[in-house]
Amino acid sequence: MNITAKLRARRVEARNRKAVARAIDMASTPAMRHELIAIAQNQMTTLR
């Protein structure tokens, strides 16, 4: 993987983290918030 691809991947990862954090902050109910957190944690473990 070259440098530009790494930078691009890092930017996409940061954008996704911000979107997930925003969704968690704007969740309408605590149950929805917990569900989003669980999904995000599950995706983080499968990405690595």
Side-chain angles (χ1 to χ4, degrees):
M1 185 181 279
N2 62 20
I3 294 172
T4 49
K6 285 183 181 181
L7 288 173
R8 194 173 299 129
R10 190 175 290 178
R11 269 190 250 127
V12 168
E13 204 173 295
R15 193 177 312 130
N16 289 341
R17 272 196 309 271
K18 287 179 187 177
V20 169
R22 199 174 316 117
I24 290 170
D25 289 341
M26 296 178 65
S28 56
T29 64
M32 178 63 77
R33 187 175 301 116
H34 291 301
E35 186 73 23
L36 289 169
I37 290 170
I39 291 169
Q41 287 174 342
N42 188 23
Q43 287 180 348
M44 286 298 187
T45 57
T46 58
L47 290 176
R48 294 181 181 188

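Numbering of residues begins at 1 and proceeds along the displayed sequence. Just the heavy atoms: all of them, side chains too, but no hydrogens, waters or symmetry mates, feed the values below.
Looking at residues two or more places apart in sequence or on another chain, you find a side chain to side chain contact (heavy atoms under 4.5 Å, CB included) between A5 and M1, N2. With sequence neighbours left out, the side chain to side chain contact (heavy atoms under 4.5 Å, CB included) criterion links D25 to no other residue. Listed by chain and number, the residues in a salt bridge (Lys or Arg N to Asp or Glu O under 4.0 Å) with R17 are E13 (sequence neighbours excluded). Considering only residues two or more places apart in sequence or on other chains, L7 meets the side chain to side chain contact (heavy atoms under 4.5 Å, CB included) condition with I3, R11.
I37 forms part of a hydrophobic cluster together with V20, I24, M32, L36, judged by ILVMFWY side-chain heavy-atom separations under 4.5 Å.
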